[in-house]
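For reference, the structure is listed below as structure tokens.
These values consider heavy atoms only, across backbone and side chains, with no hydrogens, waters or symmetry-generated copies.
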Amino acid sequence: MGNRVPLRSSLLSALSEERPMSAKEIVASTGLDEKRVWDGLYYWWNRGLILRSERPIFDNAEVFKGRRGMSRNTRSYYLYLKKRARSAD
């Protein structure tokens with residue numbers, strides 16, 4: 001067994017920045033496996049520790065494929081943000 005970083009601490013440290021991030025951005029910043037990140041985001045979103053955008057964002061991408069022409073893809077994704085702790089007033 002290697003050194004496994006706990007998923008919760010990795011996700012929360014990546015989301016500690018004050019800007020929403022997609023799952024791909026979190027994978028790139030933490031270096032964790034995509035499946036682990038997606039499962040962790042869904043798990044902590046269901047438990048209310050992180051926030052997710054209400055509706056997915058759709059991104060159109062065009063890639064030139066040489067003689068085959070242009071390849072067009074539409075990708076949908078959500079943005080995630082760490083939930084702020086309530087302050088005691």
When rounded to the nearest 0.5 angstrom, what distance separates CH2 in W38 from OH in Y78? 14.0 Å
Can you tell me how far the NZ atom of K82 sits from the CG atom of L12, to the nearest 0.5 Å? 5.5 Å
Under 3.5 Å, which donor-acceptor pairs link side chains of residues 24-35 to any protein atom two or more places apart or in another chain?
| from | atom 1 | to | atom 2 | distance (Å) |
| --- | --- | --- | --- | --- |
| E25 | OE1 | S22 | N | 2.9 |
| S29 | OG | E25 | O | 3.3 |
| S29 | OG | I26 | O | 3.2 |
| T30 | OG1 | I26 | O | 2.8 |
| T30 | OG1 | L32 | N | 3.4 |
| K35 | NZ | D39 | OD1 | 3.2 |
| K35 | NZ | D39 | OD2 | 3.1 |

Are more than 12 heavy atoms from other residues, nucleotides or ligands located less than 6.0 Å from atom CZ of R19? yes
Return the minimal non-hydrogen interatomic distance between L7 and G40, and the atom names on each side. CD2-CA, 3.6 Å
Just verifying a value: how many Å separate M21 CE and L15 CG, rounded to the nearest 0.5 Å? 6.5 Å
Is the shortest side-chain heavy-atom distance between D59 and Y77 below 4.5 Å? yes
Do W45 and L51 have side chains that approach each other closer than 4.5 Å (heavy atoms only, starting at C-beta)? no
Are the side chains of W44 and R8 in touch, meaning some heavy atoms are under 4.5 Å apart? yes
Just wondering, do L79 and R52 contact through their side chains at under 4.5 Å, heavy atoms? no
Can you find a pair of side-chain heavy atoms, one from L11 and one from I50, that are under 4.5 Å apart? no
